[in-house]
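Here the structure is laid out as structure tokens; the discussion comes afterwards.
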Amino acid sequence: MFSRRNPWQLILPISLFFASPVFAQVVDIDPSEQPDAPIVQEIEQEEPAPAINDGDGAPLKRTAPATEDSPTPVETPAPTASEDFAIEEQDLQEQHPQDSELAPSPLFAEPKIARGKSPDVTVRGNSNVADLLDRWDVTVGGYLRTAYTWIDDDANLQSVGRNDGFNFADARLSFAGNMDNGLGFYFEFNGAANIGADANNAPAHKLGVRMADAYALYRPYNFLEFNLGQFKAPFDREELIPNSAMLFVNRSVGNRGVSSIEGRNASGLGISREIGLQARGSYYFLAEDDKAVGPGVTYAVAITNGQPENLSVNANGKMAYYGRAGLNWGEAIQLGGAYFINNNTFGIEPNRINQDLSGWTADLLVNMYGASIFANVMQREATSPDLANSPTIKSLSYQVQVAYQEPFFGLQPAYRLSYLDPTSDFGAGDSLELFEQDALTYHTIGLNYNATGYPVRVMANYTFTGEQEQRELDNDRFDILLQLTW
């Protein structure tokens with residue numbers, strides 16, 4: 001394509017491109033021909049800053065004090081808004097030279113925490129709001145997790161193993177704010193949220209930005225905090241571990257279940273975010289400076305809509321109730337359990353069906369000398385009172401995982417055994433015995449690299465899948481993931 005063009009046709013636009021910054025510096029632009037710049041002033045100031053102009057748009061004049069050489073006060077034009085901003089920016093660079101463009105920038109940005117001074121914004125007509133902005137201590141964080149997945153092709157089920165490739169596991173951006181009176185908030189975006197199928201019966205799903213956690217909080221005491229908004233329900237301990245802190249690329253099969261491109265569909269027992277009100281806290285009897293030392297207890301109780309995350313209203317006006325408690329020894333040993341009740345309704349009018357859900361879980365987490373052990377068991381019961389002769393279906397899952405962080409090279413080998421039986425008990429005799437042969441047993445071997453001094457993590461997993469006769473497939477999988485946090 002380029003061989004058919006004369007050389008000057010390429011040289012001319014390239015020359016103009018590189019010359020444009022030079023012209024921009026040489027050309028003298030009359031400020032009067034430019035649109036009015038936005039008014040920018042500091043919130044923290046001992047005296048009100050002079051206005052840039054009077055109400056009629058004419059620039060104000062500043063009067064210089066009289067001196068011996070000039071006994072008569074001299075009026076000088078006030079600097080423009082852009083000049084004020086340049087002076088202010090120079091002052092900030094002198095106060096914080098690490099923020100200057102001349103200062104070397106780190107390879108990876110550290111979490112940004114707001115200084116004692118708020119961003120330079122003008123709050124017109126309400127000085128109280130400006131004062132409140134100065135009281136917020138805001139932290140910005142987040143992480144990116146991008147993976148490559150390969151799944152073995154099953155000879156009989158064409159939907160399994162045909163979608164190998166790259167995928168976004170997470171793209172998170174979070175903001176946490178606190179005041180000295182205990183008031184605060186937490187807000188997290190999920191930039192890789194599943195927002196629906198790309199087309200009818202297509203395995204691909206559209207990704208978009210959705211709300212993850214979003215709640216106001218109030219902490220009147222160190223051992224008590226209230227949350228109002230959308231948060232993780234206090235039930236499954238594995239779900240309460242952030243994605244960025246997981247030891248494996250994906251959560252266990254008991255928590256997340258199985259999707260159609262991985263095998264035959266199965267629902268996991270984990271419960272994620274819901275909208276509601278929560279009270280939680282912890283108390284350590286030997287703690288100093290609010291550190292988790294020695295024996296302690298943790299607790300959480302919540303009342304929610306009982307609906308999955310990002311659904312605007314309740315399905316039936318009934319609430320879901322959660323309760324969780326734990327016994328800890330510092331951060332080394334954590335033993336916990338939880339229970340929930342949810343009278344839910346699903347379907348569209350006139351075909352709406354009530355479903356009574358309940359479940360319990362117990363878990364143990366140990367972190368000592370670089371080694372970690374996590375084990376949990378969950379059981380859920382589901383009954384549909386609107387359906388005649390509806391049996392109570394019980395589902396069961398458990399897992400055991402171990403890992404060791406060696407201290408020299410940042411390597412962390414890990415192993416996990418996870419089990420899910422979606423229909424462990426129908427409670428209806430032998431007539432439904434066929435459907436009870438659907439248990440899954442997964443063995444996952446992992447090797448993680450946790451970079452020393454940098455927020456970088458590389459994770460590689462291979463999962464050997466095992467199904468009972470009714471679900472047996474060739475669908476072993478390999479996952480590798482890169483994670484960056486800030």
Side-chain angles (χ1 to χ4, degrees), residues 136-139 141 172 174-190 193 210-246 251 255 268-284 287 290 292 296-328 331 334-344 356-363 365 376 378 380:
W136 281 108
D137 182 15
V138 180
T139 303
R172 303 293 181 96
S174 62
F175 301 87
N178 294 280
M179 286 188 172
D180 54 6
N181 61 357
L183 185 66
F185 68 87
Y186 187 81
F187 195 96
E188 183 176 275
F189 294 100
N190 181 4
R210 288 287 181 90
M211 178 177 65
D213 293 304
Y215 55 86
L217 65 88
Y218 178 60
R219 188 182 298 113
Y221 305 101
N222 293 334
F223 57 85
L224 175 61
E225 177 182 303
F226 296 99
N227 305 144
L228 179 62
Q230 181 165 282
F231 48 80
K232 287 188 175 182
F235 180 66
D236 179 15
R237 184 65 176 87
E238 181 185 4
E239 186 68 38
L240 296 175
I241 298 174
N243 291 3
S244 58
M246 295 191 308
R251 299 190 187 274
N255 172 277
L269 306 186
I271 300 175
S272 187
R273 294 171 174 85
E274 296 183 359
I275 300 176
L277 174 65
Q278 175 178 234
R280 62 177 178 173
S282 62
Y283 183 80
Y284 289 85
D290 299 331
V297 296
T298 60
Y299 68 91
V301 291
I303 175 172
T304 73
N305 285 343
Q307 294 283 91
E309 60 189 78
N310 294 325
L311 291 180
S312 59
V313 295
N314 198 329
N316 56 10
K318 298 179 181 179
M319 297 291 141
Y321 303 92
Y322 295 88
R324 180 172 178 82
L327 298 174
N328 303 344
E331 297 180 351
Q334 302 176 26
L335 177 66
Y339 186 81
F340 86 95
I341 299 175
N342 182 11
N343 297 320
N344 200 7
D356 297 337
L357 299 172
S358 63
W360 60 268
T361 182
D363 48 79
L365 178 61
N376 78 329
M378 286 190 293
R380 184 185 65 189

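Between R324 and D363 there is a salt bridge, with a side-chain nitrogen of the basic residue lying less than 4.0 Å from a carboxylate oxygen of the acidic one.
Taking L228 as the reference, L277 meet the side-chain contact (heavy atoms from CB on, under 4.5 Å) condition, with sequence neighbours excluded. Among residues two or more places apart in sequence or in another chain, the ring-ring contact (aromatic ring centres under 6.0 Å, His included) test is passed with Y284 by none. Annotation: side-chain contact (heavy atoms from CB on, under 4.5 Å) contacts of A212 (sequence neighbours excluded): R172, E188, N190, R273. For the ring-ring contact (aromatic ring centres under 6.0 Å, His included) test, residues two or more places apart in sequence or in another chain that qualify with Y283 are F285. Residues that satisfy the salt bridge (charged side-chain N to carboxylate O under 4.0 Å, His left out) test with E238, not counting sequence neighbours, are absent from this structure. Here P308 pairs with L311 under the side-chain contact (heavy atoms from CB on, under 4.5 Å) rule; sequence neighbours left out. For R237, there are no salt bridge (charged side-chain N to carboxylate O under 4.0 Å, His left out) partners two or more places apart in sequence or in a different chain. Listed by chain and number, the residues in a side chain to side chain donor-acceptor pair (under 3.5 Å) with T304 are E274 (sequence neighbours excluded). Take Y322 and apply the ring-ring contact (aromatic ring centres under 6.0 Å, His included) test, not counting sequence neighbours, and it matches F340. When the side-chain contact (heavy atoms from CB on, under 4.5 Å) test is applied to N181, the partners found at least two apart in sequence or on another chain are R135, M179, L183. Applying the ring-ring contact (aromatic ring centres under 6.0 Å, His included) criterion to F231, with sequence neighbours excluded, gives no partner residue.
Considering only heavy atoms from C-beta on, Y339 comes within 4.5 Å of S358 through its side chain. Contact of the N344 side chain with the Q307 side chain is registered, since non-hydrogen atoms from C-beta on lie closer than 4.5 Å.
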Which donor-acceptor pairs under 3.5 Å do side chains of residues 217-226 form with protein atoms, sequence neighbours excluded?
from	atom 1	to	atom 2	distance (Å)
R219	NE	E225	OE1	3.1
R219	NH2	E225	OE1	2.6
N222	ND2	D290	OD1	2.9
E225	OE2	N227	ND2	2.9
E225	OE2	R280	NE	3.3
E225	OE2	R280	NH2	3.1

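Separation of atoms CG (L357) and CG (L269) is listed at 11.0 Å; rounding is to 0.5 Å. Here CD1 of I341 is found 9.5 Å from CG of D356. Values are rounded to the nearest 0.5 Å. Note that OH of Y186 and CD of Q230 are 12.5 Å apart. Values are rounded to the nearest 0.5 Å. A distance of 7.0 Å separates CG of N178 from OG1 of T139, quoted to the nearest 0.5 Å.
Between F175 and W136, the ring centre distance reaches or exceeds 6.0 Å.
Closest approach of G306 to N342, counting heavy atoms only: O-ND2, 3.1 Å.
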